[in-house]
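Throughout, protein chains are lettered first and strands after them, A, B, ... in sequence-line order, and every chain is numbered starting at 1. From a predicted model like this one, the values you see are computed outputs, not experimental measurements. Atom set for the values below is all heavy atoms of this structure, side chains included, hydrogens, waters and symmetry mates excluded.
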Amino acid sequence: MSLLDYFKTSKTSSASLAKERLQILVAHERVSQSQPMYLPQLQQELLDVIQKYVHVDKDAISVKFEQDGNQETLELNIMLPDDQTKRF
Amino acid sequence: MARIIVVTSGKGGVGKTTTSAAIAMGLAKKGHKTAVIDFDVGLRNLDLIMGCERRVVYDFINVINGEASLNQALIKDKNCNLLYILAASQTRDKDALSQEGVGKVLDELSRDFKYIICDSPAGIEKGAHLAMYFADDAFVVTNPEVSSVRDSDRMLGILSSKSRRAEENKEPIKEYLLLTRYSPERVKLGEMLSVDDVQEILSLHLLGVIPESKSVLNASNSGIPVILDEKSDAGQAYVDIVARYLGENKPHRFIDDKKGFFGKLFGGK
C-alpha cells in the first residue's frame, strides 16, 4: 500500500462503505431468491449419485440457475479428480 | 373501485404507521374518501397515531369474524370527515387474519372508498403478507441505513412474487420509495447513505424524502398525523408526497443541506 493509498482509505466515508456492502449483499440475495426452491436438494442428490461412481468433493460440483428473459438455464459443472486411481 | 395501497418496509421502526396516518389524512384532505387499516394484529398502534384509541369498539378481526359490521367498526376521523380508521385487534394474534376474510373486507370497502391504505406490520409473517397481498400500489418506507435498505429489497422480492397481482399474472404492483428520517447534514458529511445511493441500490421510483424531524414525535405524542402540522418540514414533505402520488408535479425538497453558515451557528429546528 502506497502512502497515497493510506490517505485515500482514511478518507473513505462510512456511507460509501455502507453502499458498497449493500450493493454486494443485495446482488447476492436477489440471485438466491430468484432460484427455484428445489435447487439445494437437486445439488445434494446429484452429488450423491456422482459420488457412487467417482470420488469427488462436495465443492467439486456446482449447480447454477440463470434466468435471461424467458429462458431459464440450469448449468451443472462437475470437476473430476486428476488422480485416476481414486476411481472405483 | 378503490385503489389499495400497502405501506410496508420489512424492518420495524422506520415510520410505516406514521406514513400510513399521514398519507391517509393527506388523501382524505384532498377530497378522496379514504380508509386506513391497521394489519398489526396484537400490537395495534395506528389508533394511537390517529388519536382515536378511546373510540375503538370493534376491530378488523371482529369484522372478519362477522361479530360486527364494517360500519360499526369504521371510526370516523375527528379532523377529516372523509377519513375512516379500521383498528387492529389488540387481544388476538395474527392467525386470526385469513386471506379470505381480508379479501372480503377489502371488497366491501372498495365499493364505497377511493383509497384504502394498509398499514403493514414489520416482518414477513402473515399480517405483512396479507397487508400486501391485495395491493395495487406499495409505498416502501426505508431509512437511509443498511438493515432497512436490505429489508426493503427483500420486501420488493416478496411484492413481485407473492401478491394477488403476481399470482393472477396481472400488471405488477406499482412500487414507490419513501425515504424517511433523512438527514441532509449527515449525508453531506458522508455519514449517511444519500437518496441517490438508496435509489441506485433499490432501483425504485422516489415518491419523496421525509427529513428527520422533531415534529414526528410531537405529532405522535398528541395523536395528530404529522401531515396536519403544516409548519413542520416532515408535514410538508408528506403533503408533497400525496400531491406527487396524485400526479401533481412537485420538485423534491429536503434533500440538500440548505442551512447556511448562520443557520448552523444559531441552530434551528
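Each of B:E191, B:R186, B:R150 has some count of heavy-atom pairs under 4.5 Å with chain A, and the biggest count is that of B:R150.
Among all heavy-atom pairs drawn from B:G190 and A:S13, the shortest one is O-CB, 3.1 Å.
The side-chain heavy atoms of B:D197 and A:L22, taken from C-beta on, include no pair separated by under 4.5 Å.
Sparse packing is recorded around CZ of A:R21, with 12 or fewer heavy atoms of other residues, nucleotides or ligands lying under 6.0 Å away. In the displayed structure, B:E100 atom CD is contacted under 6.0 Å by at most 12 heavy atoms of other residues, nucleotides or ligands. Atom CD of B:E168 has more than 12 neighbouring heavy atoms from other residues, nucleotides or ligands inside a 6.0 Å radius. Other residues, nucleotides and ligands contribute over 12 non-hydrogen atoms within 6.0 Å of the CZ atom of B:R44.
Note that NZ of A:K19 and CG of B:L193 are 8.5 Å apart. Values are rounded to the nearest 0.5 Å.
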